[in-house]
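Source: prediction; values computed, not measured.
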Amino acid sequence: MALNPIVDTRDVRFVLFEQLELDKFCKKYSKQYGDFDRDTFESTIELAEKVAVEKIYPTYKEGDREGCTFVPETKEVKIPKCYKAALDAYYETGFIGTMEDPEIGGMGMPAAIYMSVAEIVSAANFNLLMYPGLSHGAMGMINTYGTKEQKDMYIPKMMSGEWGGTMCLTEPDAGTDVGALKTKAVRQKDGTFKITGQKIFISSGDNDYYKNMIHTVLARIEGDPAGSKGISIFIVPKYLVNKNGSPGAHNDVNCAGIEHKMGIKGSATCTLSFGDIGTCIGYLLGEERKGMKIMFQMMNEARLGVGMQGLAISSAAYMHAASYAKNRLQGVHVTQMLNPDAKSVTISQHPDVKRMLLWMKSHVEGMRFITCYLTHALNVAHVAEGEESKEAMGIAEIMIPICKAGNTDKSVEITSEAMQVFGGYGFCSEYPIEQMMRDSKITTIYEGTNGIQSMDLTMRKILMNPEQYNYTVLKKRIQEAVNKAKGIVDDKYVSLVERGVQKLDEVINMMKDQMAKGQFLLLFMNATPLQQAMFMLCMAWAHLSSLIITQPKMKELVGDKKGEERDKHLRDNAEAAYYSGKVISSQFYLGMEFPKYFGKTEALLFGEGAVIKASDPIFTGMLEQ
């Protein structure tokens with residue numbers, strides 16, 4: 001395709017084929033991926049771009065304006081009308097099964113291709129893509145933990161888009177503390193369970209697109225212990241399934257209402273009620289009291305998916321802002337301020353706007369690397385063996401919370417910065433930026449708030465991880481990039497990243513000491529600052545890794561051209577412009593953004609205890625209730 005308004009697919013290709021080197025990966029694991037070549041992957045990306053731009057992106061604004069509708073009399077949920085043809089187009093491509101085993105109807109491609117396709121279509125309208133996204137996660141759990149009968153019954157129709165799926169965790173009194181759930185499962189003589197309870201904030205919980213909804217529901221079997229260890233997981237279809245595979249009787253699962261939200265208005269966020277009349281049937285998925293372990297498969301996929309959403313909406317916001325800035329005439333060039341005859345220039349030529357554009361560009365490109373690298377690591381962990389598999393899983397474990405929290409926190413800032421580029425126009429609904437900013441915020445909240453991601457990173461993924469294996473692997477990967485960059489990338493950038501790892505070591509050693517002393521309040525209050533610092537270090541790693549490739553390539557394509565000669569060459573040569581932009585983007589991040597990392601680490605090492613000293617009475621001036 002030609003250029004599009006939502007994703008720089010040239011950069012997608014750079015990550016896939018120049019950084020991850022998928023061609024080599026497919027040759028190495030020819031048993032799994034030997035049938036694929038670069039042309040196949042290129043065709044897949046082109047198709048994703050075509051469907052995203054032509055079918056999905058036109059639904060973004062319209063779906064936001066129409067929103068979802070709940071009909072109390074029938075308990076029906078209606079999604080935006082324009083979504084239906086776009087969802088049809090998505091399912092017709094088979095993209096939901098891009099990385100799934102051909103045995104269940106998938107394409108069997110590398111996971112990084114699936115993630116890149118997901119980024120492109122989500123950048124067009126991630127509200128819409130949440131419907132197949134949740135279905136994909138539920139389908140994956142059934143495929144991993146379900147019986148043959150369950151797989152045969154549900155997966156084909158979920159893959160085709162005839163049926164949808166959800167994950168049902170949250171309850172009114174059990175949000176972050178999932179172990180406090182009250183949903184109950186009562187064992188029946190035939191091996192099924194009667195389910196009763198209520199779940200809230202269920203994304204894609206009900207709709208008028210799918211003919212049946214296959215809910216995966218956390219519940220406690222009657223008599224099982226309290227807390228998360230006593231939780232099991234059940235398949236609860238909206239309609240029971242007949243022996244011939246068709247939807248049968250209603251299964252006493254009803255939507256009690258939908259949320260009226262700041263953003264993602266095209267995605268139905270539902271309250272679901274199970275067993276109002278006592279006839280809701282659930283089927284055990286996997287083993288009893290293993291619900292949290294099973295659900296975490298979907299939650300990890302969902303957390304990575306939300307990190308991708310943060311990337312996707314950031315990409316779309318940046319692309320719109322850059323296009324606007326390159327066309328909006330306003331003011332004279334700063335060098336012509338004293339010239340009364342100077343003509344207006346595009347705002348993209350003003351230093352502060354260039355800074356904003358580079359800030360967004362460098363973040364989006366770093367986030368793309370982090371997201372795809374993490375996805376690829378999970379893929380390697382499943383196809384490799386021995387230490388290679390162990391290392392890949394180690395890097396994936398530590399990067400999941402970094403990616404989810406880091407990408408989504410930045411998505412709020414990037415959409416805000418994009419609005420700043422538009423000025424007052426960006427604040428108006430005629431332009432899509434205000435919707436992007438509204439939509440971005442939920443990504444920092446759902447699938448585990450970013451505070452929860454930070455605590456998971458600090459405690460489970462680092463300090464409680466035996467011998468800090470995950471952290472050791474992360475440092476090893478960064479050091480490999482540092483070693484490779486020496487002699488290619490300017491020393492000032494290489495030494496900065498190397499010093500960043502050393503500084504993080506100081507922080508982690510301090511935290512290990514605090515943990516040994518039982519100073520958990522200190523650890524938990526610093527979890528988010530640690531996550532933010534580690535995200536910056538991963539971004540620096542991403543840009544250093546990029547420079548190893550782009551700096552020599554720019555030299556080859558641009559040579560020693562400077563000034564107007566260079567600019568003309570870049571206008572005439574798209575590849576020269578691309579690699580030059582990559583180099584400048586990386587230099588900007590490493591030289592202007594990454595130095596702020598050292599302030600964050602110094603703040604962690606300073607050991608301020610104000611948070612611990614704070615108590616409710618000091619927060620004064622507001623109403624008590």
Side-chain angles (χ1 to χ4, degrees), residues 56 58-84 86-87 122 124-135 164-176 183 197-210 213 215 217 238 253-274 276 302 305-306 309-310 312-313 316-317 408 411-412 415-416 419 426-450 623 625:
I56 299 176
T59 70
Y60 186 57
K61 183 181 288 189
E62 186 179 344
D64 181 67
R65 287 178 175 173
E66 182 181 348
C68 296
T69 306
F70 176 64
V71 185
E73 295 78 13
T74 59
K75 299 180 180 178
E76 292 177 283
V77 177
K78 298 181 182 296
I79 66 173
K81 297 180 187 69
C82 61
Y83 277 19
K84 295 177 181 179
L87 283 167
S122 295
N125 184 356
F126 85 80
N127 297 238
L128 181 147
L129 268 297
M130 287 175 70
Y131 293 100
L134 270 296
S135 297
T166 68
M167 64 175 184
C168 300
L169 289 78
T170 306
E171 299 183 7
D173 296 317
T176 300
T183 300
Q198 187 183 78
K199 299 290 183 177
I200 62 172
F201 298 143
I202 306 305
S203 298
S204 312
D206 206 356
N207 55 81
D208 58 346
Y209 179 76
Y210 298 114
M213 291 299 297
H215 303 290
V217 181
K238 179 180 178 180
V253 180
N254 292 293
C255 180
I258 61 174
E259 302 299 333
H260 303 282
K261 310 184 297 290
M262 167 181 163
I264 60 165
K265 295 185 178 183
S267 173
T269 305
C270 303
T271 295
L272 296 180
S273 186
F274 298 86
D276 284 349
V306 174
Q309 289 178 342
I313 201 161
T408 60
S411 76
V412 178
T415 53
S416 175
M419 183 180 288
F427 196 68
C428 299
S429 58
E430 286 84 356
Y431 291 84
I433 296 298
E434 64 86 23
Q435 183 187 343
M436 292 176 185
M437 190 173 180
R438 286 189 285 109
D439 285 348
S440 69
K441 183 55 194 174
I442 188 59
T443 63
T444 70
I445 298 169
Y446 60 17
E447 303 312 334
T449 66
N450 288 354
L623 297 174
Q625 294 285 339

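Here the CG atom belonging to Leu128 is positioned 5.0 Å from the OG1 atom belonging to Thr59, to the nearest 0.5 angstrom. In this structure, OG on Ser411 lies 7.5 Å from CZ on Phe126, to the nearest 0.5 angstrom. Taking CD from Gln309 and CD1 from Ile264, the interatomic distance works out to 8.0 Å, rounded to the nearest 0.5 Å. Here the SG-CE distance, from Cys270 to Met213, works out to 8.0 Å after rounding to the nearest 0.5 Å. To the nearest 0.5 angstrom, Thr69 atom OG1 is 12.5 Å from Asn207 atom CG. A distance of 4.0 Å separates CZ in Phe274 from SG in Cys168, rounded to the nearest 0.5 Å.
When the ring-ring contact (aromatic ring centres under 6.0 Å, His included) test is applied to Tyr209, no partner is found at least two apart in sequence or on another chain. Applying the salt bridge (charged side-chain N to carboxylate O under 4.0 Å, His left out) rule to Asp206 yields the partners Lys238; only residues at least two apart in sequence or on another chain are considered. Asp276 pairs by the salt bridge (charged side-chain N to carboxylate O under 4.0 Å, His left out) definition with nothing, not counting sequence neighbours. Here Arg438 pairs with Asp64, Glu434 under the salt bridge (charged side-chain N to carboxylate O under 4.0 Å, His left out) rule; sequence neighbours left out.
The heavy-atom pair separating Thr166 from Gly205 by the smallest distance is CG2-CA, 3.9 Å. When every heavy atom of Gly266 is checked against every heavy atom of Asn127, the shortest pair comes out as N-OD1, 3.6 Å. Here the closest heavy-atom approach between residue Thr415 and residue Met436 is recorded as CG2-O, 3.8 Å. When every heavy atom of Lys61 is checked against every heavy atom of Ser429, the shortest pair comes out as NZ-O, 3.5 Å.
Thr269 has its side chain out of reach of Tyr446: every pair of non-hydrogen atoms, C-beta onward, lies at least 4.5 Å apart. Taking the side chain as every heavy atom from C-beta outward, Met419 and Tyr431 never approach each other to under 4.5 Å. No side-chain heavy atom of Ser267 sits under 4.5 Å from any side-chain heavy atom of Cys68. In this structure, Met262 and Met437 have side chains that are not in contact, with every pair of non-hydrogen atoms separated by 4.5 Å or more. Looking only at side-chain heavy atoms (C-beta outward), Asn450 and Thr408 come within less than 4.5 Å of each other. Contact of the Leu87 side chain with the Ile56 side chain is not registered, since no non-hydrogen atoms from C-beta on lie closer than 4.5 Å. Contact check for Ile313 versus Thr443: no side-chain heavy atoms found under the 4.5 Å cut-off. Lys199 places a side-chain heavy atom less than 4.5 Å from the side chain of Ile202.
Within 6.0 Å of CZ on Phe201 lie no more than 12 heavy atoms contributed by other residues, nucleotides or ligands.
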Could you go step by step and tell me if Ser203 and Tyr131 meet the side-chain contact (heavy atoms from CB on, under 4.5 Å) rule?
CA-CA 8 Å; Ser203 298; Tyr131 293 100; over 6 Å; no
Residue pair Phe427, Ile433: steps toward the side-chain contact (heavy atoms from CB on, under 4.5 Å) verdict
CA-CA 7 Å; Phe427 196 68; Ile433 296 298; over 6 Å; no
Determine, step by step, whether Glu447 and Met167 satisfy the side-chain contact (heavy atoms from CB on, under 4.5 Å) criterion, reporting the C-alpha distance in whole Å, the side-chain angles of both residues, the deciding distance to 0.1 Å, and the verdict.
CA-CA 10 Å; Glu447 303 312 334; Met167 64 175 184; 2.6 Å; yes
Apply side-chain contact (heavy atoms from CB on, under 4.5 Å) to Leu272 and Gln198, showing your working.
CA-CA 6 Å; Leu272 296 180; Gln198 187 183 78; over 6 Å; no
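Side-chain contact annotation: Ser273 with Asn254, donor-acceptor N/O pair under 3.5 Å absent. In this structure, a donor-acceptor pair under 3.5 Å is absent between the side chains of Tyr83 and Asp208.
Of the possible donor and acceptor atoms, one in the side chain of Glu171 sits under 3.5 Å from a partner among the backbone N and O of Thr183. Judged purely by atom type and a 3.5 angstrom limit, Ser416 has no side-chain atom pairing as donor or acceptor with the backbone of Val412. Under the 3.5 Å distance criterion, the side-chain polar atoms of Ser135 are left unmatched by any main-chain donor or acceptor of Gly164.
For residues 70-83, every residue pair satisfying the salt bridge (Lys or Arg N to Asp or Glu O under 4.0 Å) rule, not counting sequence neighbours, is listed here: Glu66-Lys81. Judged as a salt bridge (Lys or Arg N to Asp or Glu O under 4.0 Å), not a single pair has a partner in residues 256-271 (not counting sequence neighbours).
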